[in-house]
**Student:** 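The structure follows.
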Protein chains: 2
Amino acid sequence: MSGFATALPAGRKRRGEGHTRREEILQAAKELFLEQGYDLTTIRRIADRVGISAPALYLYFKDKEALMLALCDQTFSHLSEAIDEIEKTVADPLERVRRFGEAYVRFGLSHPDEYRLVFLNPNIPEPLRRTGHRMPTDDPTAPGVGGALVFKRLVTIIGELDASGTKLNYPPDTCGELCWMGLHGLVSAFIMKPDFPWSNRDLLINGMLDVHLKGIVKA
Amino acid sequence: MSGFATALPAGRKRRGEGHTRREEILQAAKELFLEQGYDLTTIRRIADRVGISAPALYLYFKDKEALMLALCDQTFSHLSEAIDEIEKTVADPLERVRRFGEAYVRFGLSHPDEYRLVFLNPNIPEPLRRTGHRMPTDDPTAPGVGGALVFKRLVTIIGELDASGTKLNYPPDTCGELCWMGLHGLVSAFIMKPDFPWSNRDLLINGMLDVHLKGIVKA
DNA sequence: CCGATAAGTTATCAACGTTCAGTTAACATT
DNA sequence: AATGTTAACTGAACGTTGATAACTTATCGG
């Protein structure tokens with residue numbers, strides 16, 4: 001047993017100059033997805049950038065969708081780490097919620113393609129669409145669940161806000177859902193209509209956070 | 001001058017049994033888009049359902065994107081009519097905003113597929129996505145502006161709220177954007193994750209409206 | 001009937017995701 | 001050192017896609 005899931009047998013040299021072809025592919029795909037979006041990024045172009053043929057890509061990923069989902073999970077784990085950091089360093093529950101919101105929005109805006117794929121993609125190919133966005137699943141290792149887990153953590157944090165004695169205007173679940181919906185609407189709008197003349201971006205982000213934080217806790 | 005923009009010269013008979021081929025195409029495309037989404041709906045399948053060949057479709061629409069945009073406008077004109085009704089019957093500015101929000105959410109929830117088509121279709125062709133949904137345009141006859149016009153009307157209504165003397169926490173534009181983003185997040189969430197165990201739907205709708213109305217006007 | 005034009009066809013294109021069948025490179029064993 | 005095995009890879013091809021070109025048919029006014 002190698003203990004090195006996706007690697008070759010130990011000592012084995014590879015064709016390409018890179019050491020882990022899978023990582024090379026992920027990197028190239030990530031660059032291209034970010035440059036041109038999902039649709040315009042073709043398997044052939046990814047392969048070209050890596051320096052291999054298109055079919056070689058299928059040795060590492062079942063299809064284009066699996067490749068993108070692998071990238072999504074990889075990306076969402078970064079957001080999850082940012083939330084870990086907040087939970088470790090921020091004590092005040094209300095401040096935690098705000099910091100979560102800031103991190104969430106920042107993440108969405110700097111990873112629009114991954115955000116789109118996970119949170120607002122109804123046109124995903126059939127097998128993926130059948131399971132919605134995998135939210136109902138309870139297997140955290142399944143591909144594509146990163147977004148759902150992050151959402152659940154916000155609900156948890158707001159639940160702690162309630163437990164810490166802060167009086168809420170709605171049940172904790174409802175507060176969490178409202179807050180997430182607001183942030184999600186904000187991020188979606190920026191992503192889907194980037195050229196629209198929105199008023200100042202930071203004003204909108206802070207405004208959304210203020211509106212929801214004030215609206216959630218009892219006056 | 002015929003006054004019948006897309007029609008044939010008066011008295012002219014058509015090949016198909018339908019009277020306006022363009023409408024037939026729109027109807028078939030709408031059904032297929034709603035059944036299978038944008039990507040899975042092919043030009044050939046639309047043509048099949050209408051009973052014509054694929055290239056014939058290009059006699060009526062420049063490309064697949066233009067067809068989609070025509071559908072978007074058609075759908076959103078219905079929402080626009082509902083807003084006309086509110087503006088005619090509701091005098092109080094704050095109440096107008098709330099009623100707008102209710103109508104917007106109701107529209108989204110009762111036309112989830114059309115809403116998806118216009119506001120959260122990330123697999124829309126790249127050139128279309130780059131321009132958002134053409135929100136920046138100021139030509140009201142241009143295709144694809146239906147959603148944008150509705151949004152602008154909210155901003156206008158909130159602007160009147162400001163003009164009527166109610167003090168706002170942010171500029172009217174910003175208030176409108178925040179409010180729309182919140183409602184959009186709400187509708188999107190319900191549409192995209194209908195199976196998620198959300199808390200009570202009406203509680204969330206009213207909660208979102210309360211949160212934003214209270215957050216927008218000065219305490 | 002005729003010329004014009006609207007409406008539609010077949011044939012075809014390049015590009016896409018993907019699969020197939022075969023080839024090369026690196027190892028373990030003899 | 002030759003051999004067999006297998007991972008890694010390639011070129012050619014398949015079936016579809018959106019879209020175009022070139023051509024045909026139907027319907028009209030005159």
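Throughout, protein chains are lettered first and strands after them, A, B, ... in sequence-line order, and every chain is numbered starting at 1.
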**Student:** Which of residues 52-59 of chain B have a heavy atom under 4.0 Å from DNA chain D?
**Tutor:**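 When residues 52-59 of chain B is checked for heavy atoms under 4.0 Å from DNA chain D, the hits, listed by number, are B/P55, B/Y58.
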**Student:** Please say whether the positively charged group of B/R21, taken as NZ for Lys or CZ for Arg, lies over the ring of B/Y60, i.e. under 6.0 angstrom from the six-membered ring centre and within 45 degrees of the axis.
**Tutor:**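 No, a cation-pi geometry is absent between B/R21 and B/Y60.
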**Student:** Is the A/F33 to A/H111 ring centre distance short of 6.0 Å?
**Tutor:**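 Not close enough - the centres of the two rings lie 6.0 Å or further apart.
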**Student:** When the distance from CG of A/L67 to P of C/dG17 is rounded to whole Å, what number comes out?
**Tutor:**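 Those two atoms, CG and P, are 11 Å apart.
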**Student:** Between B/R96 and B/I86 (side chain of the first, backbone of the second, donor and acceptor by atom type, cut-off under 3.5 Å), is there such a pair?
**Tutor:**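 Side chain of B/R96 to backbone of B/I86, a donor-acceptor pair under 3.5 Å: no, none is there.
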**Student:** Quickly work out the B/I43 CD1 to D/dT16 C1' distance and round it to whole Å.
**Tutor:**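 Atom-to-atom, B/I43 to D/dT16, this comes out as 13 Å.
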**Student:** Would you say the side chains of B/E31 and B/Q27 form a donor-acceptor pair under 3.5 Å?
**Tutor:**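 Side chains of B/E31 and B/Q27: pair found under 3.5 Å.
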**Student:** Quick one: is C/dG8 close enough that its OP1 or OP2 comes under 4.0 Å of any side-chain N or O from B/R21?
**Tutor:**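 Answer yes for this pair, as a side-chain N or O of B/R21 is under 4.0 Å from OP1 or OP2.
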**Student:** In whole Å, what is the span from the CZ atom of B/R44 to the P atom of C/dT10?
**Tutor:**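 Going from B/R44 (CZ) to C/dT10 (P), I get 13 Å.
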**Student:** Roughly how many Å is it from NZ in A/K62 to P in C/dT18, rounded to a whole number?
**Tutor:**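 Roughly 8 Å, once rounded to whole Å.
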**Student:** Apply the ring pair (Phe, Tyr, Trp, His ring centres under 6.0 Å) test between A/F119 and each candidate in A/W180, A/F151, A/F107; give the one that qualifies.
**Tutor:**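 Passing option: A/W180.
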**Student:** Atom CG of B/D39 and atom P of D/dG18: how far apart are they, to the nearest Å?
**Tutor:**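 Atom CG in B/D39 sits about 9 Å away from atom P in D/dG18.
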**Student:** Taking only side-chain nitrogens and oxygens of B/R45, does any of them come within less than 4.0 Å of OP1 or OP2 of D/dT16?
**Tutor:**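 No, no such contact exists.
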**Student:** Within this structure, what is the CG-to-P distance between B/D48 and C/dG8, rounded to whole angstrom?
**Tutor:**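 One finds 15 Å between P of C/dG8 and CG of B/D48, rounded.
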**Student:** With the threshold set at 4.0 Å, does a side-chain nitrogen-carboxylate oxygen contact exist between B/D84 and B/R153?
**Tutor:**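 A salt bridge links B/D84 with B/R153.
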**Student:** In whole angstrom, what separates A/I46's CD1 from C/dC16's P?
**Tutor:**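 Nearest whole value for this atom pair: 11 Å.
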**Student:** To the nearest Å, give me how far apart CG (A/L40) and C1' (C/dA15) are.
**Tutor:**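 Distance, rounded to whole Å: 12 Å.
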